[in-house]
Visitor: 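Dumping the structure here so I can ask a few things about it.
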2 protein chains.
Amino acid sequence: MIKYINKIHNRDSSTFLRNLPDDSVNLIVTSPPYADKRKRYYGSVHPKNYVEWFVPIADELHRVLKSNGSFILNIKEHPRDGERDTYVLELILELKKRGWYWIEEYCWYKKNSFPGKWPNRFRDSWERCLHFSKQKDFEMFQDAVKVPIGDWAEKRFKSLSENDFKRHVSSTNGSLGRNVSNWLDRKRVYPHNVIVLEEERYLSNGLSDEGNNVPNLIEFATVCHNKNHSAAFPIELPSWFILLLTKEDDIVLDPFIGSGTTAVAALLLNRNYIGIEKNKEFAQSARAEILELLKQKKKDAKTKQENFS
Amino acid sequence: MIKYINKIHNRDSSTFLRNLPDDSVNLIVTSPPYADKRKRYYGSVHPKNYVEWFVPIADELHRVLKSNGSFILNIKEHPRDGERDTYVLELILELKKRGWYWIEEYCWYKKNSFPGKWPNRFRDSWERCLHFSKQKDFEMFQDAVKVPIGDWAEKRFKSLSENDFKRHVSSTNGSLGRNVSNWLDRKRVYPHNVIVLEEERYLSNGLSDEGNNVPNLIEFATVCHNKNHSAAFPIELPSWFILLLTKEDDIVLDPFIGSGTTAVAALLLNRNYIGIEKNKEFAQSARAEILELLKQKKKDAKTKQENFS
DNA sequence: GTTCCGCATGAATCGATAG
DNA sequence: ACTATCGATTCATGCGGAA
């Protein structure tokens, strides 16, 4: 097993997964090629064939996942011929038949969705994050993803909305000070099943003194900050599930890792990764990015040590 | 037909709908009894039987809907035995077999979701709003639901120092007029398929001078404000779809109208309604609420007239 | 060093046109 | 009839250059 860990494998998941032993991975998180998209890199999977293409892979994933592990599938069906396609619904039903439990459907709310205007629909700004498991009692570390409390306190004054403004006018009647102090001792609560990614949350996780044993999140937040936020699969998304569903030194598998986002997230959170990527250019770029990250980590560690001595 | 309009019918939809003529309704919007919930009022529909219970009703709805009309189904499957149930997925597939087009799945993001804590899941804060139609080219009035631009407030208030902000707060101090003028010079854009309800948005719709012929929205917003926001089906939700999918004097049908929310929304937006409610107490309370609203409307109209003369 | 303005750019979708 | 390509549409975000 150890020979597969912390590597990007330039192979096809539908065959490569057979190499991995049973019950060896703590978390699978992936954003597979959507039907009929990314043709250039993956070859088209027609929506009609999507379920039958995915099912054998899902069977292998079920085999390699530890019994208390989780499988997070980020996906969203596209419109086809004016309607939403149904292959994701069919996939869920099929995976259940194959022995997966469908625990939850998280809604990833993407505020910066692609622009456009059409007569029959608005912009699509959410995707499904389907949570499957092998057992009903899987591992979940809810404290690791706590968020700063509440609606209006979430936004600083820089992002003060009109809504908040009005509430000030009517209720606090001009006494701003109290509100500011609310900020400083903000309480942290459990999130819900709508995921709205905000860097600040991660930063505050890292800076928290509540002892939620999340390592290196200051560096983590910095890296996040530098990354391209309009990316398809922003690092915050796998990070959130890695924090929620694994502990340090666990193994995270991404069978369609693309440019390596899941691996970077795992490394930054001190987890091990196994990345599989069919496309050669993607695999290479993933490896390059990971090397870069490791260099940066070493440098940071050195700097820290020098500052102490 | 006219004898059914603008009434709450204390009947069972599964039989009463047969009275309505073909192609007579512009919009159906409803939040049906969820499987195994609201037992007290509806009698339990077991999840296993949910699809077969709903399908005959859906067939009737298909018949009475105008060919360019829409059907909005607000629903969310509950967890059962640790998993999300699949009856909603199965219902979508079945309705498609019955001739409905599944145009879109809107995500209704409920920020004030029901509290609770469980070891294997977070609080459920979104529901599906499934959009079905009879044709692929249905009526849609996107301009009616435009929203203030995302970062307008942010940019605007970022430039103010804290002192400026304080002054702003104290000077306005409950005088709505100042706020209104702020609203007017906000740019407005099309929304996306995640619905986050905020009263202020509707208020701004009503005050807008962009001529989106939405009447009486000041009253509307006032009523909203007085309503209980933790209610299962807040008035903003049907209102949003009524604005999006009908024009004035159109007919809106809710086959499970409960305490009358959809009717109130329709009236406030100058649409006609047909409400069906099996439960006697709910039907009566719906009628009472509508009467109250009509009284209020008359009084407002009178006051307005006196002010002019 | 900051803040601000302008601009390019995205896992997009529809409808029309062409092969 | 079915597939492939292109143009038009739209807005949140990060970046670079300027004040």
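Each chain gets a letter, A, B and so on, in the order its sequence line appears, and its residues count up from 1.
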Visitor: Let me know the distance between CD of B:Gln142 and C1' of D:dT10, rounded to the nearest Å.
Guide: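 My rounded result for the distance is 11 Å.
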
Visitor: Could you state the atom-to-atom distance from CD of A:Glu77 to P of C:dA11 in whole Å?
Guide: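 After rounding, the gap between these two atoms is 18 Å.
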
Visitor: 5'-most contact on DNA chain C: A:Asn74 or A:Glu83, nearest heavy atom basis?
Guide: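 Comparing both residues, the 5'-ward one is A:Asn74.
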
Visitor: Can you tell me the distance, in whole Å, between the CZ atom of A:Arg84 and the P atom of C:dA12?
Guide: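 Those two atoms, CZ and P, are 12 Å apart.
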
Visitor: Let me spell it out: for each of A:Ser113 and A:Asp81, pick the nucleotide of DNA chain C with the closest heavy atom. Which residue's pick is nearer the 5' end?
Guide: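 Looking at DNA chain C, the more 5' nearest nucleotide goes with A:Ser113.
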
Visitor: In Watson-Crick or G-U wobble terms, both distances under 3.5 Å, what is the partner of C:dA11?
Guide: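 Pairing partner, where one exists within any strand: none, as none qualifies.
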
Visitor: Go through the N and O atoms of the side chain of A:Ser31 and the base of C:dA11, and report whether any donor-acceptor pair is under 3.5 Å.
Guide: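 Answer yes: a donor N or O sits under 3.5 Å from an acceptor.
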
Visitor: Check the distance between C:dA12's P and A:Phe122's CZ and give it to me in whole angstrom.
Guide: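 Rounded to the whole Å, the gap is 19 Å.
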
Visitor: Nearest whole Å is fine: how far is C:dC14 P from B:Lys136 NZ?
Guide: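 So the two atoms are 10 Å apart, to the nearest Å.
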
Visitor: Provide the distance between the two C1' atoms, one in D:dC15 and one in C:dA11, to the nearest whole Å.
Guide: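 Approximately 22 Å lies between the C1' atom of D:dC15 and that of C:dA11.
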
Visitor: Checking base pairs now: Watson-Crick or wobble, both atom distances under 3.5 Å. What partners D:dA4?
Guide: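 Partner of D:dA4: C:dT17.
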
Visitor: For B:Asp143 and D:dT10, give me the distance from atom CG to atom C1', rounded to whole Å.
Guide: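 So the CG-C1' distance, B:Asp143 to D:dT10, works out to 13 Å.
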
Visitor: Report the distance from atom CZ of A:Phe256 to atom P of C:dA11, rounded to the nearest whole Å.
Guide: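 To the nearest whole Å, that distance equals 19 Å.
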
Visitor: Specify the separation, in whole Å, of atom NZ of A:Lys48 and atom P of D:dC2.
Guide: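 The answer, rounded to whole Å, is 9 Å.
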
